[in-house]
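These numbers come from a predicted model, not from an experiment.
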Protein chains: 2
Amino acid sequence: MTEQLTQPKPATPPRKASPTRLKILQVAASLFADRGFSGVGVNEIGEATGLGRGALYYHISSKEDLLYDITTAYMSDLIADGKAILDSEVDPIIRTQKLSRALMMTISEHLSEMTVCFREIHALTAERRRAVLSLHSDYQAIWSQSLSDGLAKGQFRPIPSTVLKGLLGMYFYSFLWLDPRGPQNAADIGDAFAEVVLRAVRV
Amino acid sequence: MTEQLTQPKPATPPRKASPTRLKILQVAASLFADRGFSGVGVNEIGEATGLGRGALYYHISSKEDLLYDITTAYMSDLIADGKAILDSEVDPIIRTQKLSRALMMTISEHLSEMTVCFREIHALTAERRRAVLSLHSDYQAIWSQSLSDGLAKGQFRPIPSTVLKGLLGMYFYSFLWLDPRGPQNAADIGDAFAEVVLRAVRV
DNA sequence: TATTGGGGTGACCGATCGGTACATTAAAGA
DNA sequence: TCTTTAATGTACCGATCGGTCACCCCAATA
């Protein structure tokens, strides 16, 4: 017993944002986007990063943790960016254009991660699924707020929440056909979608 | 050798549309929608249908076959219905409304199957994935045709194909938030979405 | 030189994976 | 009654699953 005067377990906290960890997150996102969370094994993630299973688990705590971090990372960015736009731009129309472009650019630039974020929520356990759905709901609230402001200014008409969900689905579903190297770049698509939204909500 | 005068292997074709098989398809669709194709085991499908693995494999040929049949069944219906609307209705605006309602009603009435159809394509092997994507493309062609007709009649403006993909994504992504027993029924949502589409494409 | 500790290896754990083989049951037809 | 056949249960196959474990390597420090 007395030899436990040294720390009984240092627990070795593996530095939340170590470069190796970021690499793992990135590789895993790409694999999950390709074949789904349950379709990818941990040894496969290890191989793709050049790590054995032991080394892999030195950097992550579980496979599901990996999924959770992937799904939350860029969704949080999206919310932060959205709030910044809400604060810095007051004109409802320009606001909509800025939100639209920001959304499409984020999806396009982090296509694997966003694909996982939109498509693999069901693989999370109940508690974490709730947390991610709450983030989605927070993001929708930003658009909802923006549309309400336009309504208050007399520029927009009221729309049911299902229509807002539909309009956002227009963006969210784009991970299936979006080609980041395609002829139309993300900014152009974002502008085209903004026009659809504006035509839908303008008086 | 001579005793093989009887069929060397009757192969027992398990009646493509046996009631048991339909039940399996239905149960599997629900499970896949809940936890994803790779997240559900075949024994679990057996348990949910009250069948052992042996009995299950008497009705299906492989787990992937199951997925393929689920993804194609109602997508084919959607295409058939869409073509019928294209043939029977010439007014572009009413056509759009009818296509919109039919789509939302099918999604709502077969939510599990459509969820699998929109979300689990990646779990199919290359050949079958191509086949399913081809069905999706066929369905998009119906809307595209309808919009072209409206353009020829001078009622619609031309839109880029990415906008059409986006508008369809509005419907396709609804599997995530749609509640078939919710306050707004599918027909109402279909009408609301039709208005969004019409506002987007009208001159 | 001795000690420490971050980072990594590879064997191993029990459980489950998709799929098959085969015996069995029940009903129908001869 | 005897044979066929649709339908099912069960034991089993090799492979892989997510995760853990004891051990090791090596650079920095004392």
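Per the geometry, CD belonging to B:Glu47 stands 12 Å off P belonging to D:dG9, to the nearest Å. Taking atom OH of residue B:Tyr57 and atom P of nucleotide D:dC13, one finds them 18 Å apart after rounding to whole Å. Atom CZ of B:Phe32 and atom P of C:dG18 are 9 Å apart (whole Å). Atom pair B:Arg21:CZ and D:dT8:P shows a separation of 14 Å (rounding to whole Å applied).
Shown here are the ring pair (Phe, Tyr, Trp, His ring centres under 6.0 Å) partners of A:His110, two or more places apart in sequence or in another chain: A:Tyr74. Qualifying ring pair (Phe, Tyr, Trp, His ring centres under 6.0 Å) partners for A:Phe172, counting only residues two or more places apart in sequence or in other chains: A:Phe118, B:Tyr173. Not counting sequence neighbours, the partners of A:Phe193 by the ring pair (Phe, Tyr, Trp, His ring centres under 6.0 Å) test are A:Tyr171.
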Less than 3.5 Å apart, which donor and acceptor atoms pair up between the side chains of residues 90-99 of chain B and the rest of the protein, not counting sequence neighbours?
from: B:Asp91; atom 1: OD2; to: B:Ile93; atom 2: N; distance (Å): 3.2
from: B:Asp91; atom 1: OD2; to: B:Ile94; atom 2: N; distance (Å): 2.9
from: B:Arg95; atom 1: NE; to: B:Glu89; atom 2: O; distance (Å): 2.7
from: B:Arg95; atom 1: NH1; to: B:Asp149; atom 2: OD2; distance (Å): 2.7
from: B:Arg95; atom 1: NH2; to: B:Leu86; atom 2: O; distance (Å): 3.1
from: B:Arg95; atom 1: NH2; to: B:Asp149; atom 2: OD2; distance (Å): 3.3
from: B:Thr96; atom 1: OG1; to: B:Pro92; atom 2: O; distance (Å): 2.8
from: B:Lys98; atom 1: NZ; to: B:Glu89; atom 2: OE1; distance (Å): 3.3

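Considering only the side chain of B:Leu51, D:dG9 comes nearest among C:dG7, C:dG8, D:dG9. Which of C:dG7, C:dG8, D:dA7 sits closest to the side chain of B:Tyr58 comes down to D:dA7. Comparing C:dG8, D:dT20, D:dG9 by their closest approach to the side chain of A:His59 singles out C:dG8.
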Could you list, one pair per line, each protein nitrogen or oxygen that sits under 3.5 Å from a nitrogen or oxygen of nucleotides 14-17 of chain C, together with the distance?
from: C:dC17; atom 1: OP2; to: B:Asn43; atom 2: OD1; distance (Å): 3.1
from: C:dC17; atom 1: OP2; to: B:Asn43; atom 2: ND2; distance (Å): 2.7

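No donor-acceptor contact under 3.5 angstrom links the side chains of B:Glu120 and B:Thr71, judged on distance only.
Residue-level contact check: B:Leu56 touches neither bases nor backbone, having no heavy atom under 4.0 Å from any strand. Counting any heavy atom pair closer than 4.0 Å across all strands shown, A:Gly52 reaches sugar-phosphate atoms only and no base atom. When heavy atoms are screened at a 4.0 angstrom cut-off, A:Thr20 is found touching no nucleic acid atom at all.
Listed by first then second residue, pairs satisfying side-chain hydrogen bond (donor to acceptor under 3.5 Å, both in side chains) with a partner in residues 175-188 of chain B read A:Thr162-B:Gln184, B:Asp179-B:Arg181, not counting sequence neighbours.
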